[in-house]
**Q** 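Take a look at this one; I'll ask things after.
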Amino acid sequence: MWNEPFGTRLRARLDKYGPLCVGIDPSPELLGAWGLDDSPAGLERFARSVAGDVADVAAVVKPQSAFFERWGSRGIAVLERVIADLREAGTMVLLDVKRGDIGSTMAAYAEAYLDQGSPLAVDAVTVSPYLGFGSLEVAITKAVANDAGVFVLARTSNPEAGELQSAVAGQVVAGAAAANAGHAPLGPVGLVVGATLPSLDLPLDRFGGAILAPGLGAQGAAPADLARLFAGVRQAVVPSVSRAVLADPDRVRELTLRYRDECAHHLSP
């Protein structure tokens, strides 16, 4: 079990392995590209193979829960095994679930993913603030108690989000900054900020947490874009890539190392 705060552990992983998060997104299309059946068996072979390829070279690994959930209990059983594989390897696991709710419901989500005794326990989860940042308090409290973290959607990489998220992103950053106060080197609350954005006008240098930056590869962002977009907070950025390294089963590790090293180059001080 973990015995150091999330931010301390994440900073150590980034310093040792470089700035990269690899997503495990076992979509039907990727299963087909691997010559696998779209079935729980194909799901397990894909996901556990990717985990084995990247666990010792990526700072963070991010399974996308939806691709497991679509198979019901059989898919969740696979997800539990993948999480167990990654935790046994010492890899930090960020589960992409984008949960957002209130009261006892949010408490139940937090227990499922952030309680160290849960079979789905991970280092961090993605959460949505659109029921009010205060609705995340129970998840943040659970995260801190379990040396875990949360990544809050702020400015995501999908184009549909621009108008809505621009209106509230400042409040999300302010809420994250307040939750991170007193925590170092990184707080328990990170932000999700897409690497595909044309520009960014948020006080990220003062919020005190990590920045998950999805959008590399298939969504159009390149490692060089990271330096431009996150010029003032490069050391806090965790770029995320999935399809661009997952399409060829024989090159997952090679492409992961390539992206990791390019990101490290562009994010170096």
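Hydrogens, waters and symmetry mates are skipped; everything else that's a heavy atom, side chains included, is used.
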**Q** Report yes if the side chains of L226 and C263 come closer than 4.5 Å at any heavy-atom pair, otherwise no.
**A**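 Yes. Closest side-chain heavy atoms under 4.5 Å.
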**Q** Decide if atom CZ of R253 counts as having more than 12 heavy atoms of other residues, nucleotides or ligands within a radius under 6.0 Å.
**A**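 Check passes, neighbour count above 12.
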**Q** Please list, chain by chain and in numerical order, all residues satisfying side-chain contact (heavy atoms from CB on, under 4.5 Å) with S242, sequence neighbours excluded.
**A**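 Expected list: D25, L246.
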**Q** For E137, is there any backbone N or O sitting under 3.5 Å from a side-chain donor or acceptor partner on T141?
**A** yes
**Q** Who passes side chain to side chain donor-acceptor pair (under 3.5 Å) against N158, sequence neighbours left out?
**A**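 Side chain to side chain donor-acceptor pair (under 3.5 Å) check on N158 returns T156, E160.
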**Q** Are any of the side-chain heavy atoms of D53 and V22 separated by less than 4.5 Å?
**A**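 SC-SC contact between D53 and V22 ruled out.
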**Q** Using the side-chain contact (heavy atoms from CB on, under 4.5 Å) criterion, which residues pair with Q171? Sequence neighbours excluded.
**A** V168
**Q** Sorted by first residue and then second, give each salt bridge (Lys or Arg N to Asp or Glu O under 4.0 Å) pair with at least one member in residues 102-117; sequence neighbours left out.
**A** D115-K142
**Q** Indicate yes or no: at least one non-hydrogen side-chain atom of I140 is less than 4.5 angstrom from one of V150.
**A**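 Yes, close enough: below the 4.5 Å cut-off.
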**Q** With sequence neighbours excluded, what pairs up with W34 under the ring pair (Phe, Tyr, Trp, His ring centres under 6.0 Å) test?
**A** F46
**Q** Do I24 and V54 touch side chain to side chain, with heavy atoms closer than 4.5 Å?
**A** no
**Q** Could you walk me through whether D15 and R11 pass salt bridge (Lys or Arg N to Asp or Glu O under 4.0 Å), step by step?
**A** CA-CA 6 Å; D15 291 344; R11 181 72 272 160; 3.1 Å; yes
**Q** For E4, look at atom CD and say whether over 12 heavy atoms of other residues, nucleotides or ligands are found less than 6.0 Å away.
**A** yes
**Q** Please tabulate, for the side chains in residues 183-206, all donor-acceptor contacts under 3.5 angstrom to protein atoms that are two or more places apart in sequence or on a different chain.
**A**
| unit_1 | atom_1 | unit_2 | atom_2 | d |
| --- | --- | --- | --- | --- |
| T196 | OG1 | S157 | O | 3.3 |

**Q** What distance separates D37 CG from L43 CG, expressed to the nearest 0.5 Å?
**A**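 It comes to 12.0 Å.
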**Q** Check whether any side-chain heavy atom of V61 sits under 4.5 Å from a side-chain heavy atom of C21, and report yes or no.
**A** no
**Q** Does the Lys NZ or Arg CZ of R13 fall within the cation-pi geometry relative to Y17 - under 6.0 Å from the ring centre and within 45° of the axis?
**A**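 Flagged: R13 positioned over aromatic ring of Y17.
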**Q** Linking Ile, Leu, Val, Met, Phe, Trp and Tyr through side-chain heavy atoms less than 4.5 Å apart, which residues share a cluster with F67?
**A**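 So far as hydrophobic clustering goes, F67 is joined with none.
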**Q** Without swapping roles, check the side chain of N146 against the backbone of A143 for a donor-acceptor pair under 3.5 Å.
**A**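 Checking the backbone N and O of A143 against the side chain of N146, no donor-acceptor pair under 3.5 Å is found.
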**Q** Considering residues at least two apart in sequence or located in another chain, which fulfil the side-chain contact (heavy atoms from CB on, under 4.5 Å) criterion with S166?
**A** R155
**Q** Residues two or more places apart in sequence or in another chain: which of them pass side-chain contact (heavy atoms from CB on, under 4.5 Å) with A244?
**A**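 side-chain contact (heavy atoms from CB on, under 4.5 Å) check on A244 returns V241, Y259.
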**Q** With heavy-atom distances below 4.5 Å as the criterion, would you say the side chains of L10 and M92 are in contact?
**A**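 L10 reaches M92 side chain to side chain.
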**Q** Counting only heavy atoms not in L131, do more than 12 sit closer than 6.0 Å to its CG atom?
**A**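 Yes, enclosed.
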**Q** Can you sort out the partners of R251 under side chain to side chain donor-acceptor pair (under 3.5 Å), two or more places apart, ordered by chain and number?
**A** E254
**Q** Who pairs with S240 by side chain to side chain donor-acceptor pair (under 3.5 Å), at least two apart in sequence or on another chain?
**A** none
**Q** Report the C-alpha separation of D123 and R9 in whole Å, then their side-chain angles, then the decisive distance to 0.1 Å, and conclude whether the salt bridge (Lys or Arg N to Asp or Glu O under 4.0 Å) test is met.
**A** CA-CA 9 Å; D123 296 271; R9 296 187 296 112; 2.5 Å; yes
**Q** Any Lys/Arg nitrogen of R99 or E69 sitting under 4.0 Å from an Asp/Glu carboxylate oxygen of the other?
**A**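 Result for this pair is yes, salt bridge flagged.
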**Q** For Q64, what residues pass the side chain to side chain donor-acceptor pair (under 3.5 Å) criterion, not counting sequence neighbours?
**A** D96
